[in-house]
Chemist: 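There's a structure below that I have some questions on.
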Amino acid sequence: MNMENIEQIKPEDIRQKIADYRNIVSCFSSLLQEENQALREMNMDVISSLFEKKAQTVGVYRSLVAFFIKHKNYLEELSIEERSSLKEEASLLDKLLNENNQLLKTRMQTSQSVMESIINFAKAANNANATSYGNQGKYSPLDNSKNAIAINRTL
């Protein structure tokens with residue numbers, strides 16, 4: 001049996017895959033717009049609530065993209081208008097993904113900066129107020145630079 005015969009896909013299947021792709025790109029774009037707005041507003045409740053839906057959407061999106069990569073010859077058979085429309089939708093999604101990446105990076109850097117400030121403040125307070133036993137086993141307020149500090153952190 002020839003492998004090419006097994007790989008034959010019906011035109012209606014390709015049309016359905018394209019419709020599925022357009023649908024998931026639309027859903028993904030809406031989801032990213034919502035998450036980007038929540039990131040701008042630092043609304044962690046909304047961001048958290050979108051996480052599972054985003055993970056599922058990314059999974060479906062990746063599987064559809066993989067299908068079209070594997071079967072790109074079918075996309076070449078589309079009209080110029082259809083290909084142009086798909087490219088526009090993909091371009092919008094790409095812009096939203098780039099914005100999302102920047103906003104997430106900024107949020108993580110801000111969180112890191114806040115945590116570093118808290119740690120530095122705790123270290124300074126610890127160094128100024130703590131006493132410890134020094135190298136010679138003598139109780140001393142001067143040799144407290146090696147005191148442990150524990151920070152519990154959730155982003």
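If you're wondering where the values come from, they're calculated on a predicted model, not measured in any experiment.
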Chemist: Within the 4.5 Å heavy-atom criterion, are R22 and S85 side-chain neighbours or not?
Modeler: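 Yes, at least one pair of side-chain atoms sits under 4.5 Å.
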Chemist: Within the distance-only criterion (no hydrogens, no angle test), does the side chain of T106 pair as donor or acceptor with the backbone N or O of Q102 below 3.5 angstrom?
Modeler: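 Side chain of T106 to backbone of Q102, a donor-acceptor pair under 3.5 Å: yes, one is there.
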Chemist: In the structure I gave you, are the side-chain heavy atoms of R83 and E77 within less than 4.5 Å of one another anywhere?
Modeler: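 No, side chains not in contact.
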Chemist: Would you give the length of the straight line joining atom CG of L50 to atom CG of L31, rounded to the nearest 0.5 angstrom?
Modeler: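 Answer for the CG-CG pair, L50 versus L31, is 5.0 Å.
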Chemist: Roughly how far apart are N100 CG and N36 CG, rounded to 0.5 Å?
Modeler: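 With rounding to 0.5 Å, CG (N100) is 4.5 Å from CG (N36).
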Chemist: Grouping I, L, V, M, F, W and Y whenever their side-chain heavy atoms are under 4.5 Å apart, do L104 and M44 come out in a common cluster?
Modeler: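 They do share one cluster, since a chain of ILVMFWY contacts under 4.5 Å joins L104 to M44.
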Chemist: Do V58 and V65 sit in one hydrophobic cluster, given that two such residues count as connected whenever their side-chain heavy atoms are within less than 4.5 Å of each other, even indirectly?
Modeler: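 Looking at the clustering, V65 is in the same group as V58.
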Chemist: Is it the case that one hydrophobic cluster holds both F51 and M42, taking links as side-chain heavy atoms less than 4.5 Å apart, direct or via other members?
Modeler: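 No; tracing contacts between hydrophobic side chains, which count when under 4.5 Å, never links both residues.
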Chemist: Between Y21 and Y61, is the side-chain contact (heavy atoms from CB on, under 4.5 Å) condition met? List the steps.
Modeler: CA-CA 7 Å; Y21 175 80; Y61 175 77; 3.9 Å; yes
Chemist: One pair to check against salt bridge (Lys or Arg N to Asp or Glu O under 4.0 Å): E82 and R15. What are the steps and the verdict?
Modeler: CA-CA 11 Å; E82 287 176 309; R15 293 281 174 210; 2.7 Å; yes
Chemist: If only atom types and distance count, is the side chain of S48 paired as donor or acceptor with the main-chain N or O of D45 below 3.5 Å?
Modeler: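 No, S48 side chain to D45 backbone: no donor-acceptor pair under 3.5 Å.
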Chemist: Hey, does E116 have a side-chain heavy atom less than 4.5 Å from the side chain of Q112?
Modeler: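 Touching, per the 4.5 Å side-chain cut-off.
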Chemist: Could you check whether K17 makes a cation-pi contact with F68, meaning its NZ or CZ is under 6.0 Å from the centre of the six-membered ring and within 45° of the ring axis?
Modeler: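 Here K17 fails the 6.0 Å and 45° test against F68.
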Chemist: Are any non-hydrogen side-chain atoms of F28 and V60 less than 4.5 angstrom apart?
Modeler: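 Result no, sub-4.5 Å side-chain heavy-atom pair not found.
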Chemist: Between CD of E52 and OG1 of T57, what distance do you get to the nearest 0.5 Å?
Modeler: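 Going from CD on E52 over to OG1 on T57, the span is 10.5 Å.
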Chemist: Is it the case that the side chains of E41 and Q37 hold a donor-acceptor pair, with the cut-off being a distance below 3.5 Å and no angle test?
Modeler: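 Short answer, yes.
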Chemist: Can you list the steps and then say if V114 with I118 is a side-chain contact (heavy atoms from CB on, under 4.5 Å)?
Modeler: CA-CA 6 Å; V114 168; I118 292 169; 3.9 Å; yes
Chemist: Treating Ile, Leu, Val, Met, Phe, Trp and Tyr as nodes and any side-chain heavy-atom pair under 4.5 angstrom as an edge, say whether I18 and I80 lie in one connected cluster.
Modeler: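 No: no chain of side-chain contacts under 4.5 Å links I18 to I80.
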Chemist: Just wondering, do K10 and I14 contact through their side chains at under 4.5 Å, heavy atoms?
Modeler: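 The answer is no, as the side chains (C-beta and beyond) never meet within the 4.5 Å cut-off.
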Chemist: Mind checking the OG-CG spacing from S29 to L96? Nearest 0.5 Å is all I need.
Modeler: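 Interatomic distance, S29 OG to L96 CG, rounded to 0.5 Å: 5.0 Å.
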Chemist: Please round to the nearest 0.5 Å and tell me the distance separating atom NE2 of H71 and atom CG of D13.
Modeler: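 CG of D13 is found 10.0 Å from NE2 of H71.
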Chemist: Go through the side-chain N and O atoms of E12 and Q16 and say whether any donor and acceptor fall under 3.5 Å apart.
Modeler: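 No.
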Chemist: Are V46 and L32 connected in the hydrophobic side-chain network, where two residues link if heavy atoms are under 4.5 Å apart?
Modeler: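 No, V46 does not connect to L32 through the hydrophobic network.
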Chemist: Does the pair K54/E34 count as a salt bridge with the N-to-O cut at 4.0 Å?
Modeler: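 The answer is no: the pair does not qualify as a salt bridge.
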Chemist: Say whether, by atom type as modelled, one donor and one acceptor occur between the side chain of S113 and the main chain of Q109 under 3.5 angstrom.
Modeler: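 Not confirmed, S113 side chain does not pair with Q109 backbone.
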